[in-house]
Amino acid sequence: MSRLITECIRESIKSVLHQLYPECPAAVPFTVDQTRERKHGDYATNLAFILSKKLRKPPQEIAEELLEALTSVFRGQAQLEVAGKGFINVFLEDVFLEPFLEEVLQEGDEYGTIAIGNGERVQVEFVSVNPTGPLHVGHGKCAAFGDSLAKILKRAGYTVEKEYYINDAGKQIDVLGLSLEARYRELLGKQAEIPSGGYYGEYLIGVARMLREERGDTLLEMEERDRNAFFRQYAVDKILLSIRGDLEDFRVTFDHWFSERTLYENGEVEGALDRLRDQQHTFEKDGALWLETTRWGDDKDRVLVRENGSPTYFTSDIAYHWNKWKRGFQRVIDVWGADHHGYIPRMRASMHALGLPENFLEIYIVQFVTLLRKGQPERMSTRQGEFIPLRNLIDEVGTDVARYYFLMRDPATHLEFDIEEAKKHSMDNPVYYVQYAHARIASVFREARKMGLDPERPLKTRYVFHGEREKELVKKAVYFPEIVRKSAQQGQPYLICNYLHDLAGAFHAFYNHHRILDQSEPERTAMRLRYCLAIRSVLRNGLSLLGITAPQTM
RNA sequence: GCGCCCGUGGCUCAAUUGGAUAGAGCAACGGACUACGGAUCCGUAGGUUGGGGGUUCGACUCCUCCCGGGCGCGCCA
């Protein structure tokens, strides 16, 4: 389990706080964090500003009062100063960093594991694309995000399960079956037409070919009801198979694939309806059954059961989330494409109607991707067939690059993805920049072994930092657990990307300014090898949270 | 029309969630050790944070009104 430097500093500050101001409540919400500028020290706290309101004294005065006590608490570990209008800056001594550096080396691949999740059971549901066509690039962004978020939450101490919800019921699937049937008939030289609102994509022709190969023309004689059911199921199975294959090549896997149809088959849709009726949140109008979602801020009430007696998609979705609750998850995360954001209010309302806790459902909205190719934007829409399959992107730029580009930004913002730029093997490309740092360390280790040196050998002396660059590098490396925490709390993998890029930069600078392997300076060489070992662990662990490889050579 | 998201150097994005003089990478320009991988490093230039008003010790961040862009507003899923 990795320790957090900021927590360490906070604890020391808290002890002083109790001595000096016993009247203050235990939980004063002050922050300790890295400074933006070197001259402000390594860490700074805004404690004096926070206390100023309670104590009715100017921040600067309070900071001065605190300084003496703090200085003695941190003696030998750090130097302190009051600066600005009341900031207390912390300048760490080298010895302070030593145990944290040792921790990286000891924990290795486990470094960065923290315990904020307390084993809480969390489910992340993402992608969940209708099995009516292949995955496109926008789905790829959702896939990378959900997968990485799950990894990060796991690292932060949550018990995480990943799930894909298969929408294998409803009208769209009926239309899909009919579309496949039309393609099948075409292949057999029969008159056929794809129904309106149907699926014209070429992939269905491929599916139809497989079908012809397996069954010849025997399906034409089937009874209509059986035939429809058969085409539906066949289309869903084959398309799901290809979706699963694409996801695997994108290194995205799921713990569960949950079928919407089973909710109907097991009576869970009825069960959810009963529950909603019992809670008195439904009413009948125009022959349909409604949920009064406006009660919780939706702009309209929503239909649960149509006039013709069949439940809406909304209803099965409520049943699905009720099912998640019954499975014992304390929190569920839904990752949705931006086109579904209008769906949020009714979904939240339905959670209230079921009587579930306020924070049970968390929804992340992933904005669209604009693919650029030589300045030309390429739009995508599943319905019109003018989409770019995720498969093509993987084939063109590779999984590492695609995942990094999807993850390097807040998913709530529109992403510009320039394919030509992403293909360049140069410093334009942040993925390679980070991976190169890792490969470089591997290369240094290969050289070291040739010289008979073992980077894993523990140090016999104390660490000494030769210059600011070295210290800077180590300081950044041991900040990793902090980044894992922030990233988990905010649900933001991009913080990991930014951090890794920054750490790689610090390493490249270090590498260019210092000779690591120097036979005339064996002790310094040993220390630097230890730093490299630590950086390698952090780079590796960080990349693994993104689902990106850490190569030995490039 | 209503709702949600977004607006930061020429381009793509940060800014520790209200903290100190708004930082990086591309692109531009100028440089780097006959040694560990030059896919690297060092430096220069570039800003009224879309605009106005407000809240306070302090605003890119919060409130309000405009402007511009994206998405949504089915008894579809």
Side-chain angles (χ1 to χ4, degrees), chain A residues 6 31-37 39-40 43-44 46 49 52-53 58-60 83-87 89 130 132 167 169-173 175 197 260 285-290 298-300 302-314 316-317 337-345 365 367-368 370 372 408-410 412-418 421 424-433 435-437 439-448 450-451 479 482-483 486 489-490 494-495 498 501-502 504-505 507-518 525 528 532 553-554:
Chain A
T6 54
T31 63
V32 173
D33 224 317
Q34 280 198 325
T35 55
R36 268 202 266 256
E37 285 186 60
K39 65 178 180 187
H40 295 142
Y43 289 81
N46 65 350
F49 292 96
S52 150
K53 278 160 201 157
Q60 208 150 2
K85 289 171 187 164
F87 287 97
N89 295 335
N130 293 351
T132 53
N167 298 127
K171 209 164 115 187
Q172 291 207 1
I173 297 300
V175 174
E260 178 187 3
K285 196 181 86 181
D286 306 332
L289 182 72
W290 300 67
D298 197 5
D299 32 347
K300 310 172 185 167
R302 306 292 171 176
V303 171
L304 289 169
V305 181
R306 300 183 183 92
E307 200 177 352
N308 69 11
S310 65
T312 59
Y313 173 81
F314 181 42
S316 61
D317 216 6
D339 51 339
H340 285 73
H341 78 253
Y343 195 72
I344 295 174
I365 289 299
Q367 286 289 346
F368 295 113
T370 308
L372 298 173
M408 68 196 282
R409 311 266 178 249
D410 180 347
T413 64
H414 303 242
L415 176 70
E416 304 246 347
F417 191 141
D418 192 315
E421 188 195 295
K424 280 194 245 171
H425 287 213
S426 75
M427 55 188 172
D428 299 10
N429 198 319
V431 197
Y432 297 129
Y433 187 82
Q435 289 184 320
Y436 184 51
R440 238 180 181 174
I441 292 172
S443 170
V444 170
F445 286 178
R446 284 191 294 271
E447 281 308 305
K450 277 187 213 159
M451 294 163 65
Y479 197 62
E482 205 78 44
I483 296 294
K486 282 186 197 192
Q489 281 169 341
Q490 297 178 27
Y494 83 87
L495 295 174
N498 289 352
H501 194 266
D502 189 47
F507 175 75
H508 287 311
F510 163 72
Y511 180 92
N512 272 277
H513 287 87
H514 301 292
R515 176 77 197 172
I516 295 169
L517 302 172
D518 183 350
T525 297
R528 288 186 170 157
C532 287
T553 59
M554 300 194 57

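Within every chain, numbering begins at 1; the chains are lettered A, B, ... in the order of the sequence lines, protein sequences first and strands thereafter. Below, each value reflects all heavy atoms present in this structure, side chains not excepted, and no hydrogens, waters or symmetry copies.
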Span that lies between the [atom1] atom of [M] and that of [N], in whole angstrom:
N: U48(B); M: G70(B); atom1: C1'; result: 27 Å
N: G19(B); M: A59(B); atom1: P; result: 11 Å
N: G23(B); M: C60(B); atom1: C1'; result: 12 Å
N: C62(B); M: U49(B); atom1: P; result: 16 Å
N: G51(B); M: G7(B); atom1: P; result: 13 Å
N: C75(B); M: U17(B); atom1: P; result: 43 Å
N: A45(B); M: A39(B); atom1: P; result: 28 Å
N: G18(B); M: U56(B); atom1: C1'; result: 10 Å

Considering Watson-Crick and G-U wobble pairs with both distances under 3.5 Å, what does [N] pair with?
N: C26(B); answer: G10(B)
N: U49(B); answer: none
N: G37(B); answer: none
N: U56(B); answer: none

Look at the rings of Tyr313(A) and Tyr343(A) and say which category their plane angle falls in: under 30° parallel, 30 to 60° tilted, over 60° perpendicular.
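Tyr313(A) and Tyr343(A): tilted rings.
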Specify whether Tyr433(A) and His508(A) have parallel, tilted or perpendicular ring planes, treating 30° as the upper limit for parallel and 60° as the lower limit for perpendicular.
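Plane angle over 60°, so perpendicular.
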For [X] and [N], give me the distance from atom [atom1] to atom [atom2], rounded to whole Å.
X: Tyr494(A); N: A14(B); atom1: OH; atom2: C1'; value: 7 Å
X: Phe417(A); N: U12(B); atom1: CZ; atom2: C1'; value: 13 Å
X: Asn512(A); N: C41(B); atom1: CG; atom2: C1'; value: 4 Å
X: Asp298(A); N: G72(B); atom1: CG; atom2: P; value: 17 Å
X: His508(A); N: C41(B); atom1: NE2; atom2: P; value: 6 Å
X: Leu415(A); N: C11(B); atom1: CG; atom2: C1'; value: 14 Å
X: Arg409(A); N: U8(B); atom1: CZ; atom2: P; value: 13 Å

Is Phe87(A) stacked on the base of A20(B), meaning ring centres closer than 5.5 Å and planes within 30 degrees of each other?
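It does: the two rings, one from Phe87(A) and one from A20(B), meet the stacking criterion.
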Is His501(A) stacked on the base of A24(B) when the test is centres under 5.5 angstrom and planes under 30 degrees?
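Given the distance and angle limits, no, they do not stack.
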Cation-pi check, Arg440(A) to Tyr511(A): give yes when NZ or CZ is under 6.0 Å from the six-membered ring centre and within 45° of the ring axis, no otherwise.
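So Arg440(A) does make the cation-pi contact.
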5'-most contact on RNA chain B: Arg515(A) or Asn130(A), nearest heavy atom basis?
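So the residue in question is Arg515(A).
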When you match Trp290(A) and Pro59(A) each to their closest nucleotide on RNA chain B, which lands nearer the 5' end?
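That would be Pro59(A).
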Glycosidic conformation of U17(B), taking syn as within 90° of 0 and anti otherwise:
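Glycosidic conformation of U17(B): syn.
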Does the U16(B) base have a donor-acceptor partner in the side chain of Glu482(A) within less than 3.5 Å?
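Side chain to base: no pair below 3.5 Å.
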Can you tell me whether the side chain of Asp410(A) and the base of A14(B) have a donor-acceptor pair closer than 3.5 Å?
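It does not, because no donor-acceptor pair links the side chain of Asp410(A) to the base of A14(B) below 3.5 Å.
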Check the interface with nucleotides 3-5 of chain B: list each N/O to N/O pair with the protein under 3.5 Å, or write none.
{"residue": "G3(B)", "atom": "N2", "partner": "His341(A)", "partner atom": "NE2", "Å": "2.5"}
{"residue": "C4(B)", "atom": "O2", "partner": "His341(A)", "partner atom": "NE2", "Å": "3.4"}
{"residue": "C5(B)", "atom": "O2'", "partner": "Ala412(A)", "partner atom": "O", "Å": "3.1"}

Side chain of Gln172(A), heavy atoms from C-beta onward: which of C36(B), C76(B), U16(B) has the nearest atom to it?
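That would be C76(B).
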Measuring to OP1 and OP2 of [N], would you say a side-chain N or O of [X] lies under 4.0 angstrom away?
X: Tyr436(A); N: C41(B); answer: no
X: Arg440(A); N: A39(B); answer: no
X: Arg306(A); N: C76(B); answer: yes

Taking atom types as modelled, find out whether Asp518(A) and Thr525(A) have a side-chain donor-acceptor pair closer than 3.5 angstrom.
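Side chains of Asp518(A) and Thr525(A): no pair found under 3.5 Å.
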Would you kindly say whether Asn167(A) and Gln172(A) are connected by a side-chain donor-acceptor distance under 3.5 Å?
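No, no side-chain donor-acceptor contact under 3.5 Å.
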